[in-house]
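Predicted model only: the values in this text are computed from it and were never measured. For ligands, and for the atoms within them, numbers begin at 1 and follow the listed sequence.
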Amino acid sequence: MSAYRALTEAEAIDYARQIPDLFQKDSELTSREIGDGNLNLVFHISEPSTGKSIILKQALPYAKVVGESWPLTLDRARIESEALMIQESLCPDLVPHVHAYEPELALTVMQDLSDHVIMRRGLMERNKYPLFASHIGTFLARTLFYTSDLGMNQQDKKEQVKRFINPELCKITEDLIFDDPYTDSPNNNVPPAIRDAVEAVWKDTELHLEVAILREKFLTQAQALIHGDLHTGSIFIKPDSTKVIDPEFAYYGPMGFDIGAVLANLLLNYAAQEGWSPDAASRQDYRNYLTQTIRDIWKKFDSEFRALWDEHGVDRMSKTPGYQDLYMKRLLQDTFGYAGCKIVRRVHGLAQVADINKLEDEAAKERAQRIALAIGTTLIKSHRKAESIEQMIEIAEKNVS
Ligand code: SR1
Ligand code: MG
């Protein structure tokens, strides 16, 4: 029989006490459940006398955002802890350290990042993070290159593909990102004010064709070990540090899905500036910061990925002249398409974003939703023609002027 049980705050303390070499024997510990995501419990355990603290993250056997009627595998906790360990080996400063993983409780003990803030919140407060583009560009280049057939032994990679088969979490993405938003699904949360625009999405077969192509790639292309849910709620940040968290959706999939996820969430915030910026000048200023960040992320990713390929590529055929340029162009095109899909699902799908939903001014919220939908659908429709990251910025700018 399984020993799994969802911990209470008090039980989380009991568990933390047993972790060797962490807290002092018999010292007072505090515990707070701070999880605000869609799926898990997150306990912050601290020892006031020494200032030491850790995070215990426990998977629930169902999706918290919906309730017990939506059962969900606990194996995602293993996937998350193993993905974090691989990512840490490739980018030591860019993910939290995993102290331990307890399979029976689906529990991961990890570094406390309370001195950082969730990036979505930071962007909603209109903070700027000048090092973020370089940090996330490096994270993307290193994690995607070294887990792909370009950067690792191809037989070992197939073993990794097996370890990271993640069917239940992939199914969530396949439904919530690549299906429900394009039909009148009961999973959607359609904002009444933009029902006309959403109905246009449901009828747009030209759009559906492009989504079907992107969905097929998500279903079939084991290109690299991707994070799988790399939105700004999966990033802890402070001015000098970026930490990517929560890779429970990790599996071998298309690289552009991760890159697109990051850029999409910057663009969602870009759209939401309709309501967060106090005036037109500051709106323009913050939007310029966001588009510059998009440009810098792609440039950093592109240059670092190419450098890794040139210096550490393991595949003789991948050195064929012209192949690298073609590969990078296809990655850019995937990035456009997946960014578009990630935007659209956050406007009228099941799980939306605070950047837009927390706007109090209803007219600004509606404008933000319409802008986001226009940017998202244009990115999807144009993805197979994309040639440069500047086109993404042009699409964003055209839809707010
Ligand atoms: C039922 S889970 C809803 C969403 O939350 C996660 O963060 C993923 O983005 C997923 O699609
Ligand atoms: Mg998450």
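Judged purely by distance below 3.5 Å, without hydrogens or angles, the side chains of R330 and Q333 never pair a donor atom with an acceptor atom. No side-chain N or O of T143 forms a donor-acceptor pair with one of H227 less than 3.5 Å apart.
Applying the salt bridge (Lys or Arg N to Asp or Glu O under 4.0 Å) rule to R384 yields the partners E210; only residues at least two apart in sequence or on another chain are considered. With sequence neighbours left out, K358 forms a salt bridge (Lys or Arg N to Asp or Glu O under 4.0 Å) with no residue at all. Partners of E28 under the side-chain hydrogen bond (donor to acceptor under 3.5 Å, both in side chains) rule, at least two apart in sequence or in another chain, do not exist in this structure.
Residues of the protein with a heavy atom under 4.0 Å from ligand 1 are N38, L39, V65, W70, I172, L176, D229, H231, F249, R345, R346, A351, listed by chain and number.
If you run side-chain hydrogen bond (donor to acceptor under 3.5 Å, both in side chains) between E159 and each of Q155, K157, K162, only K162 comes through.
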